[in-house]
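Encoded as structure tokens, the structure appears first; notes follow it.
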Amino acid sequence: MTHLTQIIQNGLLRVFKFPELVTVLISVLPIVEARGAIPIAFGYGISPFFAFLYAFIGSSLMAPILIALLLPFVKWLSRTRLFKRIGQTIYEKFEQKSQSIVKSDTATETNTTDGSEADTTVNKRLQAKKFWGVFAFVAIPLPLTGVWTGSAVAAITRLKYPLALAAVVLGNMVASAIITLLCFFFEKWIDYIILAIGVIAIAVVITLIIKIILHKPKNENGKTTERNEEEKE
């Protein structure tokens with residue numbers, strides 16, 4: 001297993017020349033992000049501080065673009081004939097991830113539309129709750145809770161852009177710091193950590209592909225089309 005990770009690292013280094021550049025580029029990738037880039041930086045012998053810094057900067061650079069464009073792009077995909085299943089599956093995944101933040105706020109938010117001072121206060125509280133919800137979501141370094149998914153979740157919850165950007169970036173900072181500390185304390189097993197993250201990333205991709213293949217579109221009531229047709233019969 002150690003030999004396999006060495007081959008991967010050496011291959012990336014031959015292509016991109018500089019280990020720092022490899023770290024930044026890997027941190028930009030969805031699913032892998034800073035969580036995968038930091039162990040690889042440790043594997044190259046980059047110091048913990050710079051491993052954190054390169055991975056954090058690389059992954060955070062995507063946040064301003066993703067918050068503004070990722071959700072509209074996925075919605076556009078779901079309206080195309082060729083990529084409809086991909087778009088719908090990814091959107092439903094984002095929507096599912098955002099449920100814990102959205103559920104408690106939807107009813108209150110829909111009832112605060114007359115522009116009064118009290119409603120302004122309520123909306124500020126809602127925005128604050130969403131901010132901390134998105135921050136916590138990104139800060140916990142689990143699969144599919146990084147900058148990419150966090151940016152989509154922030155957009156779905158209608159968190160204001162400056163707050164969304166701050167929540168995602170600060171959450172990413174905390175998650176990157178946690179991964180850096182784990183790699184520092186378990187540096188002896190860094191090759192196994194790299195391999196584990198690679199396996200998790202592959203498993204996530206395979207799961208997503210299976211979901212896309214088996215995907216059944218939902219109607220406005222949240223039921224699958226197939227189930228809706230059965231109920232009509």
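Keep in mind it's a predicted model, so treat the numbers as computed, not measured.
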Minimum heavy-atom distance [X]-[Y], with the two atoms named:
X      : Y      : value
Ile38  : Ala55  : CG1-CB, 3.4 Å
Ala37  : Thr23  : CB-O, 3.4 Å
Ala51  : Ile46  : N-CG2, 3.6 Å
Val138 : Val168 : CG1-O, 3.7 Å
Ala201 : Val32  : CB-CG2, 4.3 Å
Val169 : Phe56  : O-CE1, 3.5 Å

Are [X] and [Y] in one and the same hydrophobic cluster, where Ile, Leu, Val, Met, Phe, Trp and Tyr link if side-chain heavy atoms are under 4.5 Å apart?
X      : Y      : answer
Phe185 : Phe52  : yes
Leu181 : Phe42  : yes
Leu165 : Phe73  : yes
Ile65  : Leu170 : no
Ile213 : Val204 : yes

Using atom types as modelled and distance alone, determine if a side-chain donor or acceptor of [X] lies under 3.5 Å from a backbone N or O of [Y].
X      : Y      : answer
Ser98  : Glu95  : yes
Thr157 : Ala154 : yes
Tyr161 : Pro64  : yes
Ser27  : Ser59  : yes
Trp132 : Ala167 : no

At what distance, to the nearest 0.5 angstrom, does [atom1] of [X] lie from [atom2] of [Y]?
X      : Y      : atom1 : atom2 : result
Arg158 : Lys130 : CZ    : NZ    : 5.5 Å
Trp148 : Phe94  : CH2   : CZ    : 8.5 Å
Leu163 : Phe135 : CG    : CZ    : 13.5 Å
Leu82  : Lys84  : CG    : NZ    : 12.5 Å
Thr80  : Arg85  : OG1   : CZ    : 13.0 Å

Results of ring-ring contact (aromatic ring centres under 6.0 Å, His included) for Trp189 - residues two or more places apart only: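 Checked Trp189 against ring-ring contact (aromatic ring centres under 6.0 Å, His included); zero matches.
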Side chains of Ser151 and Val147: does their closest heavy-atom pair fall under 4.5 Å?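 Contact flag for Ser151/Val147 side chains = yes.
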Answer yes or no: is there a side-chain heavy-atom contact under 4.5 Å between Gln127 and Leu159?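 Result yes, sub-4.5 Å side-chain heavy-atom pair found.
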Determine whether Thr89 and Leu208 satisfy the following criterion, side chain to side chain contact (heavy atoms under 4.5 Å, CB included), listing intermediate values before the conclusion. CA-CA 8 Å; Thr89 303; Leu208 187 59; 4.1 Å; yes
Please enumerate all residues that pass side-chain hydrogen bond (donor to acceptor under 3.5 Å, both in side chains) together with Thr145, with sequence neighbours excluded.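 Only Arg35 meet the side-chain hydrogen bond (donor to acceptor under 3.5 Å, both in side chains) criterion with Thr145.
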Step by step, would you call Phe137 with Thr149 a side chain to side chain contact (heavy atoms under 4.5 Å, CB included)? CA-CA 9 Å; Phe137 177 86; Thr149 309; 3.7 Å; yes
Begin with the C-alpha distance, continue with both residues' side-chain angles, and end with the deciding distance and a verdict on side chain to side chain contact (heavy atoms under 4.5 Å, CB included) for Ile156 and Leu71. CA-CA 8 Å; Ile156 288 174; Leu71 206 58; 3.5 Å; yes
Is Tyr91 atom OH crowded by more than 12 heavy atoms from other residues, nucleotides or ligands, each under 6.0 Å away?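 Result for OH/Tyr91: enclosed.
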Pair Lys93, Lys211 - check side chain to side chain contact (heavy atoms under 4.5 Å, CB included), show working. CA-CA 10 Å; Lys93 177 62 71 176; Lys211 284 186 176 181; 2.7 Å; yes
